[in-house]
There are 2 protein chains.
Amino acid sequence: MVTNADQDYVKAIYRLQGQNRSVSTSSLAATLGVTSASVSGMLRKLDQARMVNLRRYRGVRLTERGRRTALEVIRRHRLIELFLVEILRMPWENVHGEAERLEHAVSDEVLARIDKLLGSPQRDPHGSPIPSPSGEIALLDRVRLDQTAPGVRGTICEVSDDDPEMLRHLSKLGLIPGARIDVREIQQIDETRLIGCGKKRCTVSPKVAAAVWISKDQ
Amino acid sequence: MVTNADQDYVKAIYRLQGQNRSVSTSSLAATLGVTSASVSGMLRKLDQARMVNLRRYRGVRLTERGRRTALEVIRRHRLIELFLVEILRMPWENVHGEAERLEHAVSDEVLARIDKLLGSPQRDPHGSPIPSPSGEIALLDRVRLDQTAPGVRGTICEVSDDDPEMLRHLSKLGLIPGARIDVREIQQIDETRLIGCGKKRCTVSPKVAAAVWISKDQ
DNA sequence: CAATAGAATTAGGAGTGCCTAACTTTTGCT
DNA sequence: AGCAAAAGTTAGGCACTCCTAATTCTATTG
Ligand SMILES: [Mn+2]
Ligand SMILES: [Mn+2]
Ligand SMILES: [Mn+2]
Ligand SMILES: [Mn+2]
């Protein structure tokens, strides 16, 4: 039986493993807000359920089964987020936490109806791609804003969605998916960036810049 | 901490206790689909949490706290059912099971938005009254159709919502909340009723009649 | 290459919620 | 009243998911 915790674990592993890197116990513990001991136990269980391959003391990788499960939950999560914004008019900074619970409670039938009502959307409110029902996901060619050099131009394609305060800050600055931006200048001292965003300008710390991904022009 | 199980238990106790009758372990076990031993354990826990008053071997009653909790969950349940029918266009026979899970996962904020979107409705899709946010609920003056005598006229105010097959059957016959009906005749042999319903007529067994409540004329 | 810091695991325990089997209390009937 | 059936509770166990503390393994570094 796939429990709520199982789903949250494979989702976290999927995010952390990126292009198939092995995921450590401690990174999962930090992400999920539990102790390493708890993660160790869960990983043994997920290994037995063939959701992950566990190599003791060297981390885990998702199996095909685990990947499929993760993408299913991510699809749920992102469709629910968009639904909350579009249909219930909830502010985008609160929908992540809500979706974190609802993703486990919504049936396939309800999800299909939400998908239809929204017109089978491709992106969630924060710009993240929504996996297809069969588990395909568009991989974006993107760069994190804090990794950009002066002169870079592009469009914001995604922002990280888990910190409501950060999201409020980003919308105040106009740093939302779809916005055209360019990097004007980077302060030596603290890597603060001067950004042109549409017709406005703003200053962003590395911490804020790390929450923004852009797709570069050309 | 109030768990999902706690919520389902107090909701079941609320339904079974009616006008403050004491609720037996076995009736709860039957309603919830668990063993009497499981119910015994949970009731001890709910008693310690002051959600119920437990008198060993003589059943439980909700405390004020338990009643409030039950009505909160019932409000969630019914608003979610109506939302599923009205907004997601789900057939009314499937929404009960769905709401049974979602009632535990939806936040107060989402619930308030659902309530607003629906225009603060008073009744769920099956005609049951929706408690107010503060826990008031309209008590209906109603009779179960299988308790009626020939000649009785009235309006269907509520149908029981937990059996999808029954609900499909009722909608096929037109026995839905709001329908005007009258009892034409009762067969001696098996208590089958001949019912006039709008312009049509239909025959209902006691089992089906027990799923329909009417408010009598006058 | 051995000492050690840091990462991971194991041991032991808690709360939740379910089960079966055994036991106790209540109830209904003669 | 007395006995048996029915109803309810307790005992013992399991799966889940978390915790702290103790232990073991890996990786770094002098
Ligand atoms: Mn999210
Ligand atoms: Mn979640
Ligand atoms: Mn429920
Ligand atoms: Mn209902």
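All values reported here derive from a predicted model rather than from experimental measurement. The sequence lines fix the lettering, A, B, ..., with proteins before strands; numbering per chain opens at 1.
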K.L.:
Phosphate oxygens OP1/OP2 of D/dC19: is one of them under 4.0 Å from a side-chain N or O of A/T35?
P.N.:
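A/T35 to D/dC19 OP1/OP2: side-chain N or O found under 4.0 Å.
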K.L.:
Provide, to the nearest angstrom, the distance between the CZ atom belonging to A/R56 and the P atom belonging to D/dC25.
P.N.:
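Atom-to-atom, A/R56 to D/dC25, this comes out as 7 Å.
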K.L.:
Are the side chain of B/R193 and the backbone N or O of B/A209 linked by a donor-acceptor pair below 3.5 Å?
P.N.:
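No: the side chain of B/R193 does not pair with the backbone of B/A209.
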K.L.:
So does B/Y9 get a side-chain nitrogen or oxygen closer than 4.0 Å to the phosphate oxygens (OP1/OP2) of C/dT16?
P.N.:
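Answer is no, no contact under 4.0 Å.
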K.L.:
Quick one: B/H104 NE2 to C/dG17 P, roughly how many Å, whole number?
P.N.:
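Answer to the nearest Å: 11 Å.
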K.L.:
Between the side chains of A/H96 and A/D163, is a donor N or O closer than 3.5 angstrom to an acceptor N or O?
P.N.:
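No, no side-chain donor-acceptor pair sits under 3.5 Å.
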K.L.:
How would you label the contact of A/S26 with the nucleic acid (heavy atoms, under 4.0 Å): base, sugar-phosphate, or nothing?
P.N.:
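The answer is sugar-phosphate, as A/S26 gets under 4.0 Å only of primed atoms, P, OP1 or OP2.
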K.L.:
How close or far is atom P of D/dT9 from atom OH of B/Y57, stated in whole angstroms?
P.N.:
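Taking atom P of D/dT9 as the reference, OH of B/Y57 is at 6 Å.
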K.L.:
Figure out the CG/C1' separation between A/N4 and D/dA15, and round it to whole Å.
P.N.:
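It is 15 Å, rounded to the nearest whole Å.
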K.L.:
Identify whether any heavy atom of A/S38 sits under 4.0 Å from a base atom; if not, whether one sits that close to sugar-phosphate; answer base, sugar-phosphate or nothing.
P.N.:
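Touches a base.
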K.L.:
Taking only the side-chain heavy atoms of B/K45 (C-beta and beyond), determine which of C/dT16, C/dT27, C/dT9 contains the nearest atom.
P.N.:
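Looking only at heavy atoms from C-beta outward on B/K45, the closest nucleotide is C/dT16.
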K.L.:
In this structure, how many angstroms lie between the C1' atom of D/dC16 and the CZ atom of A/R44, rounded?
P.N.:
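Rounded to the whole Å, the gap is 13 Å.
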K.L.:
For A/E93, is there any backbone N or O sitting under 3.5 Å from a side-chain donor or acceptor partner on A/H126?
P.N.:
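No: the side chain of A/H126 does not pair with the backbone of A/E93.
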K.L.:
Distance check needed: D/dT9 P versus B/R55 CZ, whole Å only.
P.N.:
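The answer, rounded to whole Å, is 12 Å.
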K.L.:
C/dG15 C1' sits how many Å from B/L46 CG, rounded?
P.N.:
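Interatomic distance, CG of B/L46 to C1' of C/dG15: 14 Å.
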K.L.:
Describe the nucleic acid contact of A/T3 in one word from base, sugar-phosphate, nothing, applying a heavy-atom distance below 4.0 Å.
P.N.:
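Touches sugar-phosphate only.
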K.L.:
Mind checking B/T25 for me? I need base, sugar-phosphate or nothing, with any heavy atom below 4.0 Å counting as a touch.
P.N.:
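Result for B/T25 = sugar-phosphate.
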K.L.:
Any base atoms under 4.0 Å from B/M1, or only sugar-phosphate, or nothing? Heavy atoms, all strands.
P.N.:
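Contact class for B/M1: none.
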K.L.:
Check this for me, if you would: do A/D115 and A/R75 make a salt bridge, where the nitrogen-to-carboxylate-oxygen distance has to be below 4.0 angstrom?
P.N.:
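A salt bridge links A/D115 with A/R75.
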K.L.:
To the nearest Å, give me how far apart CD (B/Q48) and P (D/dT9) are.
P.N.:
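Roughly 13 Å, once rounded to whole Å.
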K.L.:
Any carboxylate oxygen within less than 4.0 angstrom of a Lys/Arg side-chain nitrogen, looking at A/E103 and A/R78?
P.N.:
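No, no charged N to carboxylate O under 4.0 Å.
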K.L.:
Which part of the nucleic acid, if any, lies within contact of B/D8, taking any heavy atom under 4.0 Å across all strands shown: a base, the sugar-phosphate backbone alone, or nothing?
P.N.:
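No contact at all - B/D8 keeps every heavy atom at 4.0 Å or more from the nucleic acid.
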K.L.:
At under 4.0 Å between heavy atoms, what does B/A37 touch on the DNA or RNA strands: base, sugar-phosphate, or nothing?
P.N.:
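Base contact - B/A37 has a heavy atom under 4.0 Å of at least one base atom.
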